[in-house]
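Presented below is the structure to which this report refers.
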Amino acid sequence: MRLATWNVNSIRTRADRVAAFLERHDVDVLAMQETKCRDDQFPEARFTALGYEVAHVGYSQWNGVSILSRVGLEDVTVGFPGQPCWGEDTSCEARALAATCAGVRVWSLYVPNGRTLADPHYTYKLEWLAALRGTAAGWLADDPAAQVALVGDWNIVPQDDDVWDMSVFSTSTHVSAPERAAFQAVVDAGYADLVRPHAPGPGVYTYWDYTQLRFPRREGMRIDFALGSPALAARVDGAFIDREERKGKGASDHAPVVVDLS
DNA sequence: ATGGCTTATCAAATAAGA
């Protein structure tokens, strides 16, 4: 089974690229982030025509997460237990969506950005990650053999060589010690990085800013990850980052991350 | 010294991204 995750930065703008990507790489399950639309605006027919079932949650032009699957899409869940909310709304943002696809519990996750170290959004980001860690640790405590994939845009740079120049980020989010600790806590809870062993750095990234010619200059960040429970990690045959998708007109600022499971 | 782009939105400036 081939599982991919991709922050598409608007599914309506990117639908053709996503469809081409699915076919080019023969993808079975695709988790997407930043669809930037409501459910009624999602171009569902574009993907059902290709044989995929579609799950999506989006409330506005912000956030939005989705899962496409051609190997089954069962028990769709919006949000994770304990997920913190943002702002004055009582409902949480559209940042987490799960479905069971061929026996794998797939979570499409869009971790809050944090904005700046002094912003309340940064606190929200850390609380969001801590809640996710607690809930995800519970799944493995209940069933150590669970096949769980936590995939998406984590908005964290775990290591110094996951960004082209650490000095540029000395006062920025994404590289701070609390964020890295929050990411590591999920790993320590039993969720391994499924991709890094097959796509080691340095200089291997999943995101390049649209500005400053960051992509042609190879100045990017590794912030999109596929983490997996032990039972899932044992099935990984290979993985890669599709850097080609960042090229050309109409590219998302993120590249897809692909994992092959036996 | 700084920003440079791209997306969405009651359509022109603003918010957000990382």
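So you know, we letter chains A, B, ... as the sequences are listed, proteins then strands, and number each from 1.
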Subject >> With sequence neighbours excluded, residues passing side-chain hydrogen bond (donor to acceptor under 3.5 Å, both in side chains) with R46(A) >> reply: D16(A)
Original post:
Is H254(A) near enough to dA18(B) that one of its side-chain N or O atoms lies under 4.0 angstrom from OP1 or OP2?
Top reply: yes
Original post:
Mapping N7(A) and Q61(A) to their closest nucleotides on DNA chain B, which lands nearer the 5' end?
Top reply: Q61(A)
Original post:
Under 4.0 angstrom, heavy atoms only, what part of the nucleic acid is S10(A) near: base, sugar-phosphate, or nothing?
Top reply: sugar-phosphate
**OP:** Among dT7(B), dT9(B), dA18(B), find the nucleotide with the atom closest to the side chain of R12(A).
**Re:** dT9(B)
**OP:** Pick base, sugar-phosphate or nothing for R214(A), based on heavy-atom distances below 4.0 Å to the nucleic acid.
**Re:** nothing
**OP:** Output the residues of residues 217-226 of chain A in contact with DNA chain B, where contact means a heavy atom of the residue under 4.0 Å from an atom of the strand; sort by number or write none.
**Re:** M221(A), I223(A)
Give every pair of a protein N or O atom and an N or O atom of nucleotides 1-5 of chain B that lie under 3.5 Å apart, one pair per line with the distance.
residue, atom, partner, partner atom, Å
dG4(B), N7, Q212(A), OE1, 2.8
dG4(B), N7, Q212(A), NE2, 2.1
dG4(B), O6, Q212(A), OE1, 3.2

**OP:** Using a 4.0 Å heavy-atom cut-off across all strands, classify Q41(A) as base, sugar-phosphate, or nothing.
**Re:** sugar-phosphate
**OP:** May I ask you to say what Y207(A) touches in the nucleic acid, namely base, sugar-phosphate or nothing, with a heavy-atom cut-off under 4.0 Å?
**Re:** sugar-phosphate
Subject >> Modelled atom types, side-chain donor and acceptor of S252(A) and R14(A), under 3.5 Å >> reply: no
**OP:** Please identify each residue that fulfils side-chain hydrogen bond (donor to acceptor under 3.5 Å, both in side chains) with S170(A), with sequence neighbours left out.
**Re:** none
Subject >> Whole angstrom value for the distance that separates P of dT7(B) from CD of Q33(A) >> reply: 17 Å
Original post:
Without hydrogens or angle criteria, can the side chains of N9(A) and K36(A) be said to hold a donor-acceptor pair below 3.5 Å?
Top reply: yes
Original post:
Rounding to a whole Å, what distance do you find between D119(A):CG and dG17(B):P?
Top reply: 9 Å
Original post:
Taking atom types as modelled, is there a side-chain donor on E127(A) or Y122(A) under 3.5 Å from an acceptor on the other?
Top reply: no
Original post:
Do H121(A) and N113(A) meet the criterion of a side-chain donor-acceptor pair at a distance under 3.5 Å?
Top reply: no
Original post:
Between R95(A) and W86(A), is NZ or CZ placed under 6.0 angstrom from the six-membered ring centre and within 45° of the ring axis?
Top reply: no
Subject >> Distance between P atoms of dA18(B) and dT14(B) (Å, rounded) >> reply: 22 Å
Original post:
Is F215(A) touching bases, backbone alone, or none of the nucleic acid, heavy atoms closer than 4.0 Å?
Top reply: nothing
Original post:
Mapping N113(A) and T13(A) to their closest nucleotides on DNA chain B, which lands nearer the 5' end?
Top reply: T13(A)
**OP:** Within residues 153-160 of chain A, find the residues that approach DNA chain B with a heavy atom at under 4.0 Å, and present them sorted by residue number.
**Re:** D153(A), N155(A)
Original post:
Can a donor-acceptor pair be found between the side chains of T5(A) and Q33(A) at a distance below 3.5 Å?
Top reply: yes
Original post:
Which residues pass the side-chain hydrogen bond (donor to acceptor under 3.5 Å, both in side chains) test with D160(A), sequence neighbours left out?
Top reply: R180(A)
Original post:
Relative to Y205(A), does R222(A) satisfy both conditions: NZ or CZ under 6.0 angstrom from the six-membered ring centre, and within 45 degrees of the ring's axis?
Top reply: no
Original post:
Within less than 4.0 Å of OP1 or OP2 of dA18(B), is there a side-chain N or O belonging to Y122(A)?
Top reply: no
